[in-house]
2 protein chains.
Amino acid sequence: MTSIVQVAELAGVSIATASRVISKSNYPVNYKTRERVLAAAAELNYTPNALARGMKTQHSNMLGIIVGDNTDPYYAEIMRGVEEVATENGYLTIVCNTDRQPAKELKYLQTLRDFRPSGIIFAGGGLTEAGYPEKLAEKVCELTERGTAVVTLSQHTLHVPSYQPDNFDGARQMVNKLISLGHRKIAFVTGPANLIVANIRLQGYMAGLVEAGLSLTQNMLLPGNFSMAGGEQAVKSLAYLPPHERPTAIFAANDETALGVMIGLRQMGWQVPRDVSVCGFGDLPVAQAVSPTLTTVRIGLRELGRHGMLKVLALLKNEQVAEIEIAPTSIVERDSTAPPGLSQY
Amino acid sequence: MTSIVQVAELAGVSIATASRVISKSNYPVNYKTRERVLAAAAELNYTPNALARGMKTQHSNMLGIIVGDNTDPYYAEIMRGVEEVATENGYLTIVCNTDRQPAKELKYLQTLRDFRPSGIIFAGGGLTEAGYPEKLAEKVCELTERGTAVVTLSQHTLHVPSYQPDNFDGARQMVNKLISLGHRKIAFVTGPANLIVANIRLQGYMAGLVEAGLSLTQNMLLPGNFSMAGGEQAVKSLAYLPPHERPTAIFAANDETALGVMIGLRQMGWQVPRDVSVCGFGDLPVAQAVSPTLTTVRIGLRELGRHGMLKVLALLKNEQVAEIEIAPTSIVERDSTAPPGLSQY
DNA sequence: GTGAAAGCGCTAACAC
DNA sequence: GTGTTAGCGCTTTCAC
């Protein structure tokens with residue numbers, strides 16, 4: 001394999017000089033000499049060994065992205081944004097699926113550590129299992145101490161720079177919207193209890209109700225888990241409610257759940273939005289593809305990823321970065337919501 | 001940072017000995033000595049620097065996976081399978097989005113090369129632009145020569161070990177199925193013309209028709225591009241056909257296209273499967289989520305990824321591997337297909 | 001069964 | 001503006 005030594009030889013310069021031009025260091029090199037080195041490198045089809053370089057510099061132009069599951073469109077979109085900016089800047093993106101399991105997350109962090117990544121992005125949102133935040137913080141500390149840039153893309157137990165969607169306000173706004181449509185009985189399908197983000201959305205929902213002077217009724221909270229199956233399951237319980245106690249709108253903690261809710265309702269013979277309005281959170285591409293199209297809270301996911309990676313790059317350049325930046329969320333009104341009272345029951 | 005030197009010191013042995021036990025080499029080391037090294041490593045929370053190791057061994061326990069777009073569920077599923085097996089074996093998975101652009105694919109291969117990956121998996125299927133297969137083959141050759149294990153997960157221009165779904169037979173079977181339902185006018189929405197896999201599915205479709213003694217009518221071929229928008233667009237042209245010339249079934253080259261087809265038909269006021277049957281290829285998770293649920297050709301995508309990675313591992317161990325293995329495909333009949341003639345026109 | 005030492009390819013002092 | 005050289009942390013001959 002061709003190394004910098006052959007390049008130097010062919011160019012008739014020392015390895016140091018060759019390295020200076022190859023590594024784009026800002027060290028002064030004579031114009032002609034530089035040209036010769038570049039020509040030699042091109043001729044030999046040479047590119048530097050990233051491993052060797054990483055060994056010297058102590059970091060490797062690799063970026064780890066921690067996600068729950070790369071097949072989940074929420075993460076897939078973020079990952080795509082991260083990857084775009086990463087590759088534009090010569091970084092390689094490593095997928096780390098955790099399935100939201102602390103053990104897997106820790107394991108990946110360990111493996112990543114061995115590779116001296118330049119940065120790590122936590123796309124998903126902080127697991128809150130007892131004792132886990134501390135363990136995680138410790139592992140992450142080992143990384144940051146050694147210069148790895150760590151960024152989260154959601155509210156998180158980790159106290160590192162973060163670019164995060166306004167989950168609280170998004171949920172609050174959605175409740176406002178439903179209320180302005182005339183809804184008073186608004187159910188909420190929750191996310192996993194151990195996920196910070198899921199809880200913040202729940203809080204936004206509750207805040208929205210309280211602001212409007214509505215009371216929280218226990219059975220308006222349906223347990224979900226951010227999955228389609230969870231949403232489908234959750235609404236089944238509504239069939240047992242006497243008609244006048246049924247919600248006129250169901251707000252799901254994420255889009256996948258909302259899709260499940262729609263499937264469940266269809267099976268029950270309830271029509272959306274005639275009998276009940278449904279809305280989600282995230283604005284995944286699929287929200288526009290289903291029928292009826294899904295009203296949801298828009299997070300610019302790809303942009304979230306792009307911005308997160310830019311933050312990593314800024315950190316790496318020792319630039320000043322805001323500790324926490326909030327990405328605004330907004331309501332996208334589509335066909336799955338309508339005023340209540342269209343129903344026959 | 002703690003290196004093997006501190007471990008050796010703490011254990012009171014030489015670096016060589018420490019390395020022998022840490023690197024799990026099968027070199028004989030005294031039982032007690034081994035224990036001491038392990039204890040020291042544990043105490044120091046030591047794990048070997050993957051970069052340094054890679055520098056010696058000339059490959060880095062990294063695996064590149066080349067996909068069109070990681071947000072495409074087809075690739076996401078494969079990637080997930082690959083990642084599972086990779087991480088179980090201590091490999092890191094690098095996402096490489098090419099958007100099916102030769103230039104991006106080449107660029108990624110170049111970057112990967114610098115990192116000395118142990119393996120590269122081409123999840124997507126061979127671009128056939130003029131002159132490109134040769135260029136790609138050359139780049140890949142540089143990699144394989146140096147011991148990188150390269151595997152494709154579809155029919156491909158590259159002549160490397162491959163584990164690939166039976167795209168031809170899947171399409172043929174689907175046509176058989178439609179014919180057995182009574183369909184005679186079966187349209188096919190094609191994939192991108194520059195994609196091998198898309199063409200093979202098209203060939204399977206044609207073979208199925210020919211076997212049944214049906215003729216290929218030109219306007220039964222609708223141009224698509226594997227995207228939802230493409231499917232939506234494609235069916236619009238059918239509105240201009242006189243009713244008796246309209247297809248009674250539309251077979252889309254992949255599931256995304258089929259979803260687009262369903263959306264387009266809905267806009268045109270055609271009901272599925274009453275007015276026209278629709279089917280896809282791939283069996284993405286979403287195929288079960290849409291309404292009506294989608295009849296499609298099942299490829300075990302995650303399994304495809306898992307198996308592909310296993311093939312890489314086998315190659316790395318210099319085991320004998322089959323050059324080409326075919327993964328069977330099968331028909332999953334759901335609600336989007338029915339016998340023709342239910343339509344009112 | 002163990003240790004000393006070379007060297008993988010690169011960068012960054014440090015000379016000149 | 002250029003060259004010499006010392007490592008980065010590891011594996012692996014080659015001695016003993």
Side-chain angles (χ1 to χ4, degrees), chain A residues 1-38 40-41 44-62 90 111 113-118 146-148, chain B residues 1-38 40-41 44-62 90 111 113-118 146-148:
Chain A
M1 188 48 206
T2 126
S3 84
I4 201 168
V5 179
Q6 1 302 359
V7 175
E9 275 172 7
L10 181 57
V13 299
S14 71
I15 7 178
T17 302
S19 170
R20 279 173 197 131
V21 3
I22 296 296
S23 65
K24 303 187 180 55
S25 99
N26 48 5
Y27 204 92
V29 174
N30 180 287
Y31 176 78
K32 300 277 295 205
T33 318
R34 159 167 274 119
E35 290 297 294
R36 279 218 311 285
V37 174
L38 257 15
L44 296 170
N45 188 21
Y46 167 82
T47 49
N49 180 325
L51 264 29
R53 176 176 281 178
M55 185 144 174
K56 260 316 254 195
T57 60
Q58 296 295 340
H59 60 93
S60 61
N61 276 253
M62 294 195 285
T111 311
R113 190 184 87 158
D114 301 343
F115 281 85
R116 308 288 186 269
S118 302
R146 150 169 353 118
T148 303
Chain B
M1 190 46 204
T2 125
S3 85
I4 201 168
V5 179
Q6 321 5 317
V7 175
E9 275 172 8
L10 182 57
V13 299
S14 72
I15 315 181
T17 303
S19 171
R20 278 172 195 130
V21 3
I22 296 296
S23 66
K24 303 187 179 57
S25 99
N26 48 5
Y27 202 92
V29 173
N30 180 287
Y31 175 77
K32 299 278 294 203
T33 316
R34 158 168 273 119
E35 290 296 294
R36 278 217 311 285
V37 173
L38 258 15
L44 295 170
N45 188 21
Y46 168 83
T47 49
N49 180 325
L51 264 30
R53 176 176 282 177
M55 184 147 175
K56 266 313 260 194
T57 60
Q58 298 294 338
H59 59 92
S60 61
N61 276 254
M62 292 195 286
T111 310
R113 189 184 88 158
D114 302 341
F115 281 84
R116 307 290 185 270
S118 302
R146 143 162 6 109
T148 303

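Excluded from the calculations below are hydrogen atoms, water molecules and symmetry mates; all remaining heavy atoms, backbone and side chain alike, are included. In what follows, chains carry the letters A, B, and so on, assigned in the order in which the sequence lines appear, proteins first and then strands, with residues in each chain numbered from 1.
Rounding to whole angstrom units, CD of residue B:Q58 and P of C:dC10 are separated by 10 Å. Atom CD1 in A:I22 sits about 9 Å away from atom P in C:dT11, given to the nearest Å. One can place CZ of B:R116 at 13 Å from P of C:dC8, the figure rounded to the nearest angstrom. Look at CG on A:L51: it is 14 Å from C1' on D:dT11, rounded to the nearest Å. Between the NZ atom of A:K24 and the P atom of C:dC10 there is a distance of 13 Å, given to the nearest Å. The distance between atom CD of A:E9 and atom P of D:dT4, rounded to the nearest whole Å, is 12 Å. The separation between B:D114 atom CG and C:dC10 atom C1' is 13 Å, rounded to whole Å. A:I4 places its CD1 atom 14 Å from the C1' atom of D:dT4, with the value rounded to the nearest Å.
Where B:A52 and B:V13 each meet DNA chain C at their nearest nucleotide, the meeting point lying more 5' is that of B:V13. Summary of the strand contacts: B:A16 and B:K56 both lie near DNA chain C, and taking for each the nucleotide with the nearest heavy atom, the more 5' one is attributed to B:A16. Heavy-atom nearest nucleotides on DNA chain D were determined for B:R20 and for B:T47, and the one closer to the 5' end corresponds to B:T47.
Across every non-hydrogen atom of A:I22 and A:Y46, the tightest pair is CG2-CE2, 3.9 Å.
Without hydrogens or angle criteria, A:R36 side chain to A:A11 main chain gives a donor-acceptor distance under 3.5 Å. The backbone N or O of B:H59 lies less than 3.5 Å from no partner atom in the side chain of B:S118, so there is not a single donor-acceptor pair. Within the 3.5 Å criterion, the main-chain N or O of B:D114 finds no donor-acceptor partner in the side chain of A:T47.
Nearest to the side-chain atoms of B:M55 among the listed nucleotides D:dT11, C:dA4, C:dC8 stands C:dC8.
Recorded end-axis angle for the helix from C:dG1-D:dC16 to C:dC16-D:dG1 stands at 40°, based on five pairs per end and rounded to 10 degrees.
One finds a side-chain N or O of A:T17 lying less than 4.0 angstrom from the OP1 or OP2 phosphate oxygen of D:dG3. For A:S19, a side-chain nitrogen or oxygen approaches OP1 or OP2 of C:dT11 to under 4.0 Å. OP1 or OP2 of C:dG9 has not a single side-chain nitrogen or oxygen of A:R53 nearer than 4.0 Å.
For the pair B:N45 and B:T2, the minimum side-chain heavy-atom distance is 4.5 Å or more.
Atoms CE and OG1, on B:M62 and B:T148 in that order, are 10.0 Å from each other to the nearest 0.5 Å. Of the inter-residue distances, the one linking B:M55 atom CE with A:N49 atom CG reads 6.5 Å to the nearest 0.5 angstrom. We find the OG-CD1 distance between A:S3 and A:I15 to be 8.0 Å, quoted to the nearest 0.5 Å. Distance NZ/A:K32 to CZ/A:R34: 14.5 Å, rounded to 0.5 Å.
Listed by residue number, the members of residues 25-35 of chain B with any heavy atom below 4.0 angstrom from DNA chain D are B:Y27.
Each of A:V37, A:V5, A:L44 was evaluated against A:L10; a single residue qualifies, A:L44, per the side-chain contact (heavy atoms from CB on, under 4.5 Å) test.
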